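Predicted model only: the values in this text are computed from it and were never measured.
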Amino acid sequence: MSTTLWIKKPLSTFTANQQDASNGVVIKDGIIIELVPKNSEPIHDIDQYFDASQHILLPGLINTHHHLYQTLTRAFPAALNKRLFPWLQALYPVWAKLQPDMLHAATELGLSELLLSGCTTVADHHYLFPEALTDAIDIQVSAATLIGNRVMLTRGSMSLGEDDGGLPPQSTVQSDAEILDDCQRVVTQFHQRGEGARVQIALAPCSPFSVTTDLMIETAKLARQNQVRLHTHLAETEDENSFCLKTFALRPLDYLESVGWLSSDVWLAHGIHFNDQEIKRLGEAKTGIAHCPSSNMILASGVCRTKELQAAGSPIGLAVDGSASNDGSNMIQEVRQALMINRLRYQADEVSHLDALYWATKGSAQVLGRDDIGELAVGKQADLALFKLDELRFSGAHDPLAALILCGAHKADCVMIAGEWKIKSGLLIHHELEDMQARHSQAAKSLVL
């Protein structure tokens, strides 16, 4: 028999819409069935209570772009203090040695790290399929099912190796036919449709400088036949602009449009180096952008023009990006990073902690093409993150919601997905972190030998 739970009287609430949930939310069968306004009681009969009077209540955070395998190569000496292309060249030979158990350990640990930071949905971009790792998506589905986050696993691809003028080693690339066949297989086998989907698949050539033009075109056709989304990196660096001009005689967005990708079923990682006209075109197409503040800072890539893109009509979501270009997988910290980096481009009164929280919740849901998550509203999935302000860093704070971001929260106290608690008292339920971390650490050491 299902129970009705009231998350009762939170210290502060962010709904990602203009609705009032000051006195909490009521949940039944994994769905939010009521928002309780200020000075009100639930209209539903309540079976269980959760006292949230010491908690800030948020929709579960949504990470729109990641590379979970990169948790194995954080702070890797050969890749330190480099920009994107030399950074990739330093790491590709290491990543080429990935084994199935390593990917499972990396996915399991990265998803746990994200969950502990309040992140309930993760889009991961896996594009390395060496001979030992042709079932990479299957491995990630297994790990995600174990940890419990919702996932959008993007079947990435690389078909242009060093021999053909690309950056990746030949051992990491596949033929167009191999890629397209496996894309169809994983969509058929794993993609779930409709509200409450736990595992979804998108198709995601790595970048314009790692796949053929034919593969870009055929991937788009295949995605649309199967009604799944498309994803790639674009306009991350000025080097990429130069590469596209030299290779295709087109800027990256012109190239994207030429292969049929300038569309509302597409989201792009980074999206930094667009001019005014390109921003207008992206907005008209409703193409989404995964904003990756920490990665963009570490690789000195630049600052995404978030507010202009959003004003033009592009959905903006937030992403931690890979754990080798961020060196962390923490979504609540990324919200603070988003606020800070955007203050370097915009005035203090033009971007607030509320903007950054919106990007990490409803904005991210829009980027992933989902309207059942990312906000506190009746009928939405009961994906929630609750944070306490009981650390020294918060002492003396007067606005709880602002303090969560400005004072630097880094861990959730409780996290729920589809009405089921996954984190309680800051601990992952049903999982031994010490064992997970030991296996992951050993995998990282074995990878770089």
Side-chain angles (χ1 to χ4, degrees), residues 65-74 76-79 82-107 110 123-141 143 153-186 201-216 218-219 230-234 236-237 239-240 243 247 269-270 295 299 321-325 443-449:
H65 178 73
H66 202 44
H67 307 291
L68 287 162
Y69 73 88
Q70 290 183 13
T71 59
L72 297 165
T73 52
R74 304 187 218 243
F76 185 66
K82 287 182 166 66
R83 299 193 70 164
L84 179 64
F85 279 20
W87 176 85
L88 284 169
Q89 288 166 327
L91 282 163
Y92 271 141
V94 179
W95 295 337
K97 297 184 290 183
L98 272 171
Q99 299 295 312
D101 61 328
M102 295 175 181
L103 178 61
H104 195 284
T107 303
D124 192 60
H125 189 185
H126 188 86
Y127 51 78
L128 287 158
F129 292 83
E131 192 172 335
L133 208 61
T134 53
D135 292 335
I137 302 302
D138 309 59
I139 293 165
Q140 290 199 293
V141 170
L153 300 174
T154 75
R155 202 298 182 185
S157 54
M158 296 192 294
S159 61
L160 281 179
E162 290 172 317
D163 293 353
D164 300 306
L167 291 178
Q170 287 301 121
S171 63
T172 63
V173 303
Q174 296 177 300
S175 70
D176 289 6
E178 286 176 305
I179 291 163
L180 292 167
D181 284 350
D182 196 56
C183 285
Q184 182 62 64
R185 179 187 71 83
V186 298
I201 302 293
L203 304 185
C206 182
S207 64
F209 43 84
S210 56
V211 297
T212 64
T213 298
D214 282 348
L215 185 62
M216 289 290 288
E218 293 304 316
T219 300
L230 288 159
H231 182 51
T232 193
H233 298 91
L234 202 81
E236 182 175 358
T237 66
D239 288 346
E240 183 188 327
F243 176 91
T247 307
H270 304 290
S295 174
L299 295 176
D321 198 10
S323 290
S325 66
K445 290 172 184 173
S446 298
L447 180 63
V448 302
L449 286 177

Compare all side-chain heavy atoms of [X] with those of [Y] and state whether any distance is below 4.5 angstrom.
X	Y	answer
T134	D182	no
H67	Y127	yes
D181	E178	no
T232	V211	no
H126	L68	no
E236	L299	yes
T219	L230	yes
H65	H231	yes

Distance-minimising heavy-atom pair for [X] and [Y]:
X	Y	answer
A105	A443	CB-CB, 4.5 Å
S171	A96	OG-CB, 3.7 Å
Q170	D163	OE1-N, 3.0 Å
S295	D321	OG-OD2, 2.8 Å

Those residues that, when tested against D239, pass side chain to side chain donor-acceptor pair (under 3.5 Å) (two or more places apart):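 So D239 forms no side chain to side chain donor-acceptor pair (under 3.5 Å) with any residue.
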If you round to the nearest 0.5 Å, how far is [atom2] of [Y] from [atom1] of [X]?
X	Y	atom1	atom2	value
L180	R155	CG	CZ	9.0 Å
Q174	E131	CD	CD	10.5 Å
K97	L447	NZ	CG	6.0 Å
I139	L153	CD1	CG	12.0 Å
L215	I179	CG	CD1	5.0 Å
S210	L88	OG	CG	9.0 Å

Flag for D124-H66: side-chain donor and acceptor within less than 3.5 Å: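 Note: H66 and D124 side chains miss the donor-acceptor criterion.
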Side chain to side chain contact (heavy atoms under 4.5 Å, CB included) against A324, all qualifying residues, sequence neighbours excluded: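 Side chain to side chain contact (heavy atoms under 4.5 Å, CB included) check on A324 returns Q70, T73, W87, L91, W95.
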Parallel, tilted or perpendicular, as decided by the 30° and 60° cut-offs, for the rings of H270 and H233: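 Ring orientation, 0 to 90° scale: parallel.
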Heavy-atom donor-acceptor pair, S159 side chain to T212 backbone, under 3.5 Å: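 Yes.
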Step-by-step side chain to side chain contact (heavy atoms under 4.5 Å, CB included) determination, L98 to T172: CA-CA 10 Å; L98 272 171; T172 63; over 6 Å; no
